[in-house]
2 protein chains.
Amino acid sequence: MDWKHEISSAAARIKGHAQITPVMTTDALWQRPVELKLEQLQHTGSFKARGAFNTLLSEPVPEAGVVAASGGNHGAAVAYAATRLGHRAQIFVPEMAGPAKIALIERTGAALTVVPGEYANALEAARAYEAETGAMQVHAYDAPGTVAGQGTLMREWEAQGLEADTVLIAVGGGGLIAGSLAWLQGARKVVAVEPETSCALHAALEAGAPVDVQVSGVAANALGARQVGSICHDLSQAHLGASVLVPDDAITEAQTALWQSHRLLVEPAGATALAALRAGAYVPEPGERVAVLVCGGNIAPDPLG
Amino acid sequence: MDWKHEISSAAARIKGHAQITPVMTTDALWQRPVELKLEQLQHTGSFKARGAFNTLLSEPVPEAGVVAASGGNHGAAVAYAATRLGHRAQIFVPEMAGPAKIALIERTGAALTVVPGEYANALEAARAYEAETGAMQVHAYDAPGTVAGQGTLMREWEAQGLEADTVLIAVGGGGLIAGSLAWLQGARKVVAVEPETSCALHAALEAGAPVDVQVSGVAANALGARQVGSICHDLSQAHLGASVLVPDDAITEAQTALWQSHRLLVEPAGATALAALRAGAYVPEPGERVAVLVCGGNIAPDPLG
C-alpha cells in the first residue's frame with residue numbers, strides 16, 4: 001500500500017472536519033526540551049476523530065447510518081463524525097463506561113443506547129442492530145481507512161515544524177502508531193509506549209504475531225486492546241524503533257505533571273507516552289531530540305460534570 | 001514611552017524563561033472560526049509569568065529577594081519566576097485563597113506563609129516583611145515592566161500568524177490588555193471583556209479616570225481588581241475598540257464549552273473573553289475575523305488535587 005499517498009488523501013478529505021491541533025515545546029516536563037502535540041484538543045478529546053472522518057468520507061454510508069459498540073474514545077469519535085456529516089449514528093454503550101463517557105457521546109447528538117453489563121453485551125446489541133438495519137461499522141484501529149486517518153496526525157505535525165529525532169506514542173490497538181509509522185517510514189525513530197498492564201503490541205512483537213493479552217490498569221479503558229491490529233504489527237516489524245512498558249504509577253505521575261506544569265488535563269492514556277521519558281523506560285541518547293504525542297483528554301470523572 | 005521597543009526588549013529578556021504558548025483555530029466554539037491563544041498553558045497557569053520574569057530580569061533584585069501578598073495568579077507567577085532565577089521569594093497568602101492556589105505556590109519552592117484572614121491581612125504581613133528585610137515587591141499590573149512583559153503575549157501571537165481583525169481580552173487590573181494595546185497601537189481592534197460583577201475598566205472609562213468598584217462573582221479571584229491601573233486606563237482611552245460586560249452565567253457557560261469542545265480546562269477568568277462572543281455581548285460584523293485570548297487555567301478545586 002502506498003501509505004504516503006493514502007495519508008495525504010485522508011488529510012485532504014478530513015480537512016475542515018478534524019481539528020488542526022496545536023504543538024508546543026516545553027522545558028518543564030523533562031531535563032531537556034520536549035515537543036508536544038496536543039491531540040487531546042481534537043474533537044471528542046482524542047485522535048480517533050481523524051480515522052472516523054476519513055472512513056466516513058471514503059466510503060458510501062448506507063441510509064441506515066453508522067453503528068458502534070463503544071463506551072470509549074472510538075465510540076465518541078464515530079458518533080461525532082457521523083452526526084456532523086449528516087448520517088444517522090447509533091451507539092451502544094456498556095453501562096460500565098460511566099457517566100463522563102456516556103455524556104460525551106450524548107452531546108454529539110447520536111442515538112445512544114446504554115446496555116446493561118459489559119462491553120460484550122453492547123457489542124452483541126450493535127451486531128444485532130447491524131444485521132437488522134444494514135448500518136455500517138467503523139473499525140477502531142485495524143482497517144486501512146482508520147490507520148490512514150490517524151496517520152494525518154504525524155503528517156500535520158511535520159508540517160507544523162516537528163524537529164524531534166524520536167517520537168513517543170502510546171499504543172492500545174495500534175491505529176495511531178500504525179498511522180505514524182506509515183507516514184514516517186523510518187524517517188524518525190518511533191517509540192511505542194504501553195502500560196505494563198495493557199501491552200498488546202509488546203506481546204505481539206515477542207510472539208512474532210498478534211496474540212491475546214490480559215488488560216487492566218489505569219489506562220485500560222483507552223489502551224486496553226486485547227490484541228493489537230495486524231496492520232500495526234506489520235508496520236511495527238518494519239519500522240518501529242523501540243517498544244517500552246511503563247508501570248501504572250508512572251502514568252499517573254506524568255498525568256499530574258502535565259496538569260501541574262501546563263494545565264493540560266488528560267486521561268491516563270494521554271500521559272502514557274510522557275511517562276516513558278519521565279520514568280526512564282525510554283532513555284534518549286545525549287543530543288537526541290524527543291517529542292511526545294498527547295493523545296487523549298477524556299478524563300473521568302468529568303471535572304465540570 | 002516607546003512601547004514597541006519596551007515590549008521587544010521584554011521579549012528578548014524573557015526568552016527561554018516564559019513558555020511560548022500554542023495557538024489554534026476552532027470552528028467548534030462559535031458560528032465562525034475563532035483563533036485562540038492558549039496562554040493558560042503558561043508556567044503557573046496564566047500570563048502573569050511574563051510580567052514577573054520581565055520585572056525580575058530588568059532590575060537588580062536585592063539580596064533579600066522578592067515578596068508578594070497574593071493568593072492568586074500573580075503571587076504564583078512571582079514565586080515561580082523568582083525561584084527559577086535563583087532569588088529568595090516570600091509569599092504571604094491569605095487563608096481564604098484555598099488549597100488549590102496555596103499548593104500551586106508551594107510547588108514553586110518559594111517560602112510561603114499562610115496568613116489567617118483575608119487579603120488585607122496578607123498584605124499587611126508582606127509590607128512588614130518588605131520594611132524589615134528590604135525585599136522587592138513586583139506590581140501585579142500597573143507598572144511599565146509588568147505591562148511590557150504582558151505585552152510580549154500579543155507580539156508572540158502576531159509572530160505565530162494571528163489573522164484576526166479583532167481580539168477579545170478579559171480585564172481585571174488591566175495589565176494584560178494594557179500590554180496588548182501597547183503592542184498593537186490600534187493595528188487591530190481590541191475588545192475589553194469584564195464580568196458585570198467586576199468591571200473596573202468599564203467604570204473607569206465611564207468616569208474618565210480609574211475609580212473604585214465593588215467586586216464579586218465567579219471570576220473575582222482573578223479579575224476582581226478594585227481599581228484598574230492607570231497605564232491600562234490611558235492606553236484604553238487611546239486605543240480600545242470596545243468595552244463590554246458579561247454576566248457570570250455566560251462565563252460559566254463558556255468555561256463548560258471550552259472543556260466539552262476542546263478539553264481546555266480553564267478558570268472562569270480564562271473563559272470570560274469567549275463568553276462575550278458566545279453570549280452576544282460583543283457582536284462582530286459580517287466578515288470580521290475574531291480571536292480570543294484564553295488567559296488562565298488555575299481552576300478550583302484542583303481536579304487532580
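Residue numbers begin at 1 in each chain, while the letters A, B, ... track the order of the sequences. Everything quoted here is computed from the prediction, not taken from an experiment.
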Q) Among residues 258-266 of chain B, which residues come closer than 4.5 Å to chain A, judged by heavy atom distances? A) B:W259, B:Q260, B:S261, B:H262, B:R263, B:L264, B:L265

Q: Might you confirm whether atom CD1 of A:I20 has over 12 heavy atoms from other residues, nucleotides or ligands at distances under 6.0 Å?
A: no

Q. Is there side-chain contact between B:V23 and A:P22, with heavy atoms separated by less than 4.5 Å?
A. no

**Q.** Under 4.5 Å from a heavy atom of chain B, the part of A:L36 involved
**A.** neither

(Q) Can you list the residues of residues 24-34 of chain A that sit under 4.5 Å from chain B, counting heavy atoms only? (A) A:M24, A:T25, A:T26, A:D27, A:A28

Q | Which of B:R107, B:Q42, B:Q40 touches chain A most, by non-hydrogen pairs under 4.5 Å | A | B:R107

Q: Check whether more than 12 heavy atoms from other residues, nucleotides or ligands sit under 6.0 Å from atom CZ of A:R84, and answer yes or no.
A: no

Q. In terms of heavy-atom pairs under 4.5 Å, which option from A:L38, A:T252, A:D302, A:T21 contacts chain B the most?
A. A:D302

Q | Non-hydrogen atoms of B:T256 and A:L304 that approach each other most closely | A | CA-CD1, 4.0 Å

